[in-house]
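What follows is a short report on a single structure.
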There are 2 protein chains.
Amino acid sequence: MREGVINAPFSRVRPMNYELQQIKAFLKVVELESFQGAAEALNLSQPALSRRIKKLESILGTALLSRTTRSVSLTTVGRDFFPQAKRLVDEFDHALFNIRALAENRIGQITLACIPTAAFYFLPAVIREYNARYPNIRIRLLDLSANDGLEAVLSGEAEFGINMLSGHHPDILFTPLVVEPFVLVCRRDHPLANKDQVTWTELIQHKLIGVGKMSGNRMLLDHELSELANRPTWFYEVQHLSTSLGMVEVGLGVAAVPRLSMPDDEHPVLVQRPLVEPLVKRTLGMVRRRDSALSPAAERFVETLLRHWDKGSDDDTTAQVSTMD
Amino acid sequence: MREGVINAPFSRVRPMNYELQQIKAFLKVVELESFQGAAEALNLSQPALSRRIKKLESILGTALLSRTTRSVSLTTVGRDFFPQAKRLVDEFDHALFNIRALAENRIGQITLACIPTAAFYFLPAVIREYNARYPNIRIRLLDLSANDGLEAVLSGEAEFGINMLSGHHPDILFTPLVVEPFVLVCRRDHPLANKDQVTWTELIQHKLIGVGKMSGNRMLLDHELSELANRPTWFYEVQHLSTSLGMVEVGLGVAAVPRLSMPDDEHPVLVQRPLVEPLVKRTLGMVRRRDSALSPAAERFVETLLRHWDKGSDDDTTAQVSTMD
DNA sequence: TTAATTGATGCGTTTCATGCATATATGCGG
DNA sequence: CCGCATATATGCATGAAACGCATCAATTAA
């Protein structure tokens with residue numbers, strides 16, 4: 001059976017199985033005032049077109065076109081129907097065209113929530129490449145704290161995000177991108193700058209600048225260092241890593257920050273040293289909701305992101321940044 | 001071949017052959033959040049529905065639904081598409097429904113142009129019957145002179161009309177309904193009232209009330225009497241037959257009018273007498289444009305009209321006015 | 001772990017729109 | 001007035017597409 005009418009008990013209502021092709025055929029015939037011409041325009045044989053129109057008319061229960069071999073004209077009903085049909089078909093085509101444009105990444109918008117570190121230090125390159133490839137897709141970048149960013153993804157405000165691996169939320173899918181160690185940052189003229197590497201315990205003797213208690217980094221460190229006998233305490237507390245770097249720069253103290261937070265290796269004032277015993281690492285990765293699918297535009301972005309980090313990891317292995325694709 | 005692609009040279013534009021059934025399937029699935037349920041609602045097997053959606057998605061080049069065996073949810077694109085699709089489909093169904101209502105004479109409007117005689121003396125009964133059968137079809141009755149009525153039909157303002165047979169206009173189709181003689185109308189106390197019949201020549205001796213030169217009746221009479229040796233001249237000239245009857249009633253003169261213009265046989269003041277030598281008759285009938293088809297509502301009206309007059313003509317051979325049913 | 005439910009897939013079948021050939025109707029020119 | 005040219009309608013065989021059935025795969029609940 002072509003169309004199931006399994007369950008048509010005694011309905012006297014005819015089903016109205018009209019189709020867009022029929023209506024488009026009608027419109028074409030009216031516009032060209034010819035079956036022959038419309039058939040060509042529709043890549044259809046003339047008999048086929050005749051039958052399409054006929055079918056539509058039989059569905060409607062009335063003639064739409066008054067045709068002789070010499071002329072085609074609208075009936076009264078057809079005249080009523082034509083403008084409505086034209087408008088609706090146009091709107092439909094327009095809507096579908098837009099959807100396809102969306103699907104083909106010709107237009108669109110993506111919203112992602114990422115932690116400031118990512119926003120500053122490795123998203124820009126990805127965004128540049130993505131934007132070169134899909135110039136008409138707008139990007140809304142929410143640079144939020146780890147907690148807020150996760151919340152944005154959960155609520156759907158952001159389609160996905162870059163975050164650090166923390167408490168495994170059941171609705172969140174985490175794809176690791178990079179593992180980075182915490183390093184010590186201090187001025188070049190600081191005593192610790194002379195050492196090849198520094199232990200956490202050594203930090204006890206220095207003024208340490210840390211981040212607020214609710215920060216993801218702080219929670220991670222508190223957890224990782226909890227088993228350490230003599231663990232350092234924070235003297236200054238700030239909210240953002242960039243602030244702490246600024247404070248280090250003017251000589252207020254030293255800081256323990258993720259490797260990627262450091263602007264680059266050749267900073268005029270600041271240097272970094274590996275922090276060991278223990279080696280504390282954080283894992284950055286992509287987070288997205290487990291159930292809902294990404295928009296095509298977002299999928300393209302994720303692809304770009306992953307491709308970028310595959311490439312990036314090769315010349316970055318010395319800094320023990322590793323990515324798993 | 002199912003769809004002619006005779007002429008698709010190297011177009012990279014995909015054809016967008018989406019169909020309403022696919023979109024309606026999508027809407028149903030979203031509404032019921034289930035393929036199984038939607039399939040039942042659409043009287044379709046579940047595999048068939050799965051394939052419909054899949055086809056639509058392949059046309060759009062993107063997934064609209066995110067489905068697992070346990071839940072069905074919208075993708076980002078699908079969420080965009082749903083409200084538009086819903087609105088358009090609803091509007092389409094509404095438009096088509098109205099067209100069908102129109103076709104089935106459940107709603108509609110007809111406009112007809114008819115001469116006053118017809119409007120007064122034989123349309124009311126037709127209209128009553130028609131309205132009883134099709135209560136929701138509005139009737140616009142243009143009671144115009146013969147000339148103006150013909151013009152209204154030609155211009156399309158009226159779908160058809162009731163008129164007298166006159167110059168055969170090439171675009172007009174005339175269907176005769178009734179042939180009626182011209183009769184003399186005078187007061188019961190008028191000398192001519194004593195005669196069984198009156199000749200046109202006799203009228204010379206009386207004050208005759210006629211209608212304006214452009215009237216269809218006047219032109220008909222001028223033409224028919226042109227070969228008469230002694231033909232009467234009009235003393236009074238008015239524009240409407242009803243006016244001339246009024247003037248006869250107060251005793252200003254006598255008038256020659258079509259039989260049907262007389263109110264009825266038992267008028268307290270007026271009587272009619274056959275007018276002979278020659279017997280002048282006019283033919284009333286339906287006029288419509290040759291090319292354009294009538295609306296379904298109008299066709300029903302014409303049917304009623306003709307049925308009415310078929311029946312009527314049988315007991316009307318005596319040249320009496322009869323109202324049928 | 002198993003049973004049940006839901007969507008996807010393989011496959012044979014049916015349907016129905018199509019193209020070709022041809023009939024039919026209409027207007028124009030001889 | 002009649003025949004010809006042109007445009008739509010129809011008969012018929014064909015085949016592509018959509019269908020239903022049976023089954024698979026995946027996920028949840030018990």
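Lettering follows sequence order; numbering is per chain, from 1.
Proximity note for B:Pro47 (side chain, C-beta onward) versus C:dA8, D:dT10, C:dG19: the nearest is C:dA8. Checking D:dC19, C:dG7, C:dT9 against every side-chain atom of B:Lys54, the shortest atom distance belongs to C:dT9.
Under the rule for a side-chain contact (heavy atoms from CB on, under 4.5 Å), the partners of A:Glu31 that lie at least two apart in sequence or sit in another chain are A:Leu27, A:Lys28, A:Phe82, A:Lys86. Take B:Ser50 and apply the side chain to side chain donor-acceptor pair (under 3.5 Å) test, not counting sequence neighbours, and it matches B:Gln46. Not a single salt bridge (charged side-chain N to carboxylate O under 4.0 Å, His left out) links B:Arg288 to another residue, sequence neighbours left out. Every residue was checked against the salt bridge (charged side-chain N to carboxylate O under 4.0 Å, His left out) condition with B:Glu299, not counting sequence neighbours, and none meets it. With sequence neighbours excluded, the residues forming a ring pair (Phe, Tyr, Trp, His ring centres under 6.0 Å) with A:Phe160 are A:Phe301, listed by chain and number. Under the rule for a salt bridge (charged side-chain N to carboxylate O under 4.0 Å, His left out), B:Arg51 has no partner lying at least two apart in sequence or in another chain. B:Asn98 pairs by the side-chain contact (heavy atoms from CB on, under 4.5 Å) definition with B:His94, B:Ile107, not counting sequence neighbours.
Ranked by how close their nearest DNA chain C nucleotide is to the 5' end, A:Ala48 and B:Ala48 are led by B:Ala48. Summary of the strand contacts: A:Glu33 and B:Gln22 both lie near DNA chain D, and taking for each the nucleotide with the nearest heavy atom, the more 5' one is attributed to A:Glu33. Map B:Arg51 and B:Gly37 each onto its nearest nucleotide of DNA chain C; the residue landing nearer the 5' end is B:Gly37.
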### Per-nucleotide protein contact string for nucleotides 24-30 of chain C (B base, S sugar-phosphate only, - none; heavy atom under 4.0 Å)
-BBS---

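Taking only side-chain nitrogens and oxygens, B:Lys55 never comes nearer than 4.0 Å to OP1 or OP2 of D:dA17. For C:dG7, the OP1/OP2 oxygens have no side-chain nitrogen or oxygen of B:Gln46 closer than 4.0 Å.
Distance CG (B:Leu49) to P (D:dC21): 15 Å, rounded to an integer number of Å. Taking atom CD of residue B:Gln21 and atom P of nucleotide D:dA17, one finds them 16 Å apart after rounding to whole Å. Going from atom CD of A:Glu57 over to atom P of D:dT10 covers 11 Å, rounded to whole Å. B:Asn43 places its CG atom 19 Å from the P atom of D:dA18, with the value rounded to the nearest Å. For the pair A:Leu56 CG and C:dA17 C1', the computed distance is 15 Å after rounding to whole Å. Rounded to whole Å, atom P of D:dA7 lies 18 Å from atom CG of A:Leu44. Rounded to an integer number of Å, the gap from A:Gln36 CD to C:dG19 P is 13 Å. One can place CD of B:Glu40 at 13 Å from P of C:dT5, the figure rounded to the nearest angstrom.
The environment of CZ in A:Arg87 is crowded: more than 12 heavy-atom neighbours from other residues, nucleotides or ligands sit within 6.0 Å.
Within the nucleic acid shown, B:Arg67 comes within 4.0 Å of sugar-phosphate atoms alone, with no base atom in reach, counting heavy atoms only. Residue contacts for B:Ser71: at a heavy-atom cut-off of 4.0 Å it reaches no nucleic acid atom on any strand shown.
Overall, the helix from C:dT1-D:dA30 to C:dG30-D:dC1 carries an axis bend of 20° between its ends, with five pairs at each end and the value rounded to 10°.
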### Message
Quick one, A:Glu159 with A:Ser295, criterion side chain to side chain donor-acceptor pair (under 3.5 Å). Give me CA distance, side-chain angles, the key distance, then yes/no.
### Response
CA-CA 8 Å; A:Glu159 288 197 74; A:Ser295 69; 3.1 Å; yes

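Contact annotation: side chain of A:Arg52 to base of C:dG19, donor-acceptor pair absent below 3.5 Å.
Side-chain contact check for B:Thr76 versus B:Asp80: every heavy-atom pair is 4.5 Å or farther apart.
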